[in-house]
Undergrad: 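Just passing along the structure, written as structure tokens.
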Amino acid sequence: MNTLREAVHEYIDMRRNLGFKLNDMLRGLLEFATFMEQKQVSFITVELALAWAQRPVNVQPAHWAQRLSYVRGFARYRKSADSRTEIPPPGLLPFQPRRATPYLYSDEEIRSLLDAALNMSHGHEQCALLPRVYYCLFGLLSVTGLRLGEARNLELPDVDLDAAVLTVRDAKHDRTRLVPLHGSTCEVLADYIDRRACHWEGRPVSSYLFVSSWGNRLDNAQIHRAFYTLSRRIGLRGENDSHGPRLHDMRHTLAVRTLVNWYRRDQDPERLLPILSAWLGHVKVSDTQWYLEGSPELMREAMRRLERRWEGRS
């Protein structure tokens, strides 16, 4: 019989063959295997799984629950090879994750953010393109609902301005999808790509659409620092605020506005949800359906429709 450590690698390989990345799970389970080796125990018990899951201190309950879920899935797999294996029941370390309340940007706020990006100081000539980089990146997030990682991973061949479509590759769950672009967005991107080519002419630069002043893909932390600075400049955040509107909320804003527009045009949001779900790259329509409950404006539109139906019956 192979060791727990060997079984961890077999389990992860099997799951990856089904299309999952599982990097965090692999790190967690290898840490669990080390813990079991230190205890000199060769099979999983509920007691030890629980003890390992709760080892980190000063963390959120969700982190403990996540660690235990790694062991639970692995234990189900291991049970077939070692009947002594105990599977931690789902009721242990219960945690009901709460979705963050999305911030819905107004048109004026998005315009202010983009104007601030265009006018941000860039220091020296090597950074002269950065204002246009952030202007296009934040603008693209606001009109497409892309995840930030998806936008960061875009390469020049993924932008087909003739067909007015983006190819989003290796997105969440290793999916690839096409995202249509409005004509005005194509114009802005075409201008940016021309400026990008002029700025980097004769110098090495990566093929990523959005690049840093060094010519490589924009760093995630760098993007957020720029966003927080601009947010404070235009009043979206206070000078000392550690929380506030997020870049990811642009995705929420697009989804909610789309649904509100469907309501106002007397269309059927429930029937059209699969379209929005595919656009956003959701695996399940239920992930998109959450937006129906997460916005007061959507709830008002739903109530107006319901009231019209009642009026028609009276």
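For the single chain, residues carry numbers from 1 onward in sequence order.
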Undergrad: Test of understanding: with side-chain contact (heavy atoms from CB on, under 4.5 Å), list the residues that count as partners of Ser42, not counting sequence neighbours.
TA: Arg84
Undergrad: Would you please say whether a donor-acceptor pair under 3.5 Å links the side chains of Ser69 and Gln66?
TA: yes
Undergrad: Any chance you could pull the hydrophobic cluster mates of Val143, using side-chain heavy atoms under 4.5 angstrom and chaining through other members?
TA: none
Undergrad: Flag yes if more than 12 heavy atoms outside Trp200 fall under 6.0 Å of its CH2 atom; otherwise flag no.
TA: yes
Undergrad: Return yes if some donor-acceptor pair links the side-chain N/O of Arg195 with the main-chain N/O of Leu129 below 3.5 Å, else return no.
TA: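 Not confirmed, Arg195 side chain does not pair with Leu129 backbone.
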Undergrad: Hey, mind stepping through Thr85 and Arg76 against side chain to side chain donor-acceptor pair (under 3.5 Å) and telling me if it holds?
TA: CA-CA 8 Å; Thr85 301; Arg76 293 192 186 104; over 6 Å; no
Undergrad: Just jot down the side-chain hydrogen bond (donor to acceptor under 3.5 Å, both in side chains) partners of Ser184, sequence neighbours excluded, or say none.
TA: His182
Undergrad: Only one of Phe74, Tyr70, Tyr11, Trp52 forms a ring pair (Phe, Tyr, Trp, His ring centres under 6.0 Å) with Phe32, so which one is it?
TA: Trp52
Undergrad: Just so I know, are the side chains of Asp107 and Arg257 near enough to count as touching, which here means a heavy-atom distance under 4.5 Å?
TA: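 Heavy-atom side-chain distance check passes, below 4.5 Å.
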Undergrad: Atom CD of residue position Gln126 - does it have more than 12 heavy atoms of other residues, nucleotides or ligands inside 6.0 Å?
TA: yes
Undergrad: Could you tell me whether Arg67 sits above the aromatic face of Trp64, with NZ or CZ closer than 6.0 angstrom to the six-membered ring centre and within 45 degrees of the axis?
TA: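 That pair does not qualify as a cation-pi contact.
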Undergrad: Anything under 30° is parallel, anything over 60° is perpendicular, the rest tilted; go ahead and classify His248 against His252.
TA: perpendicular
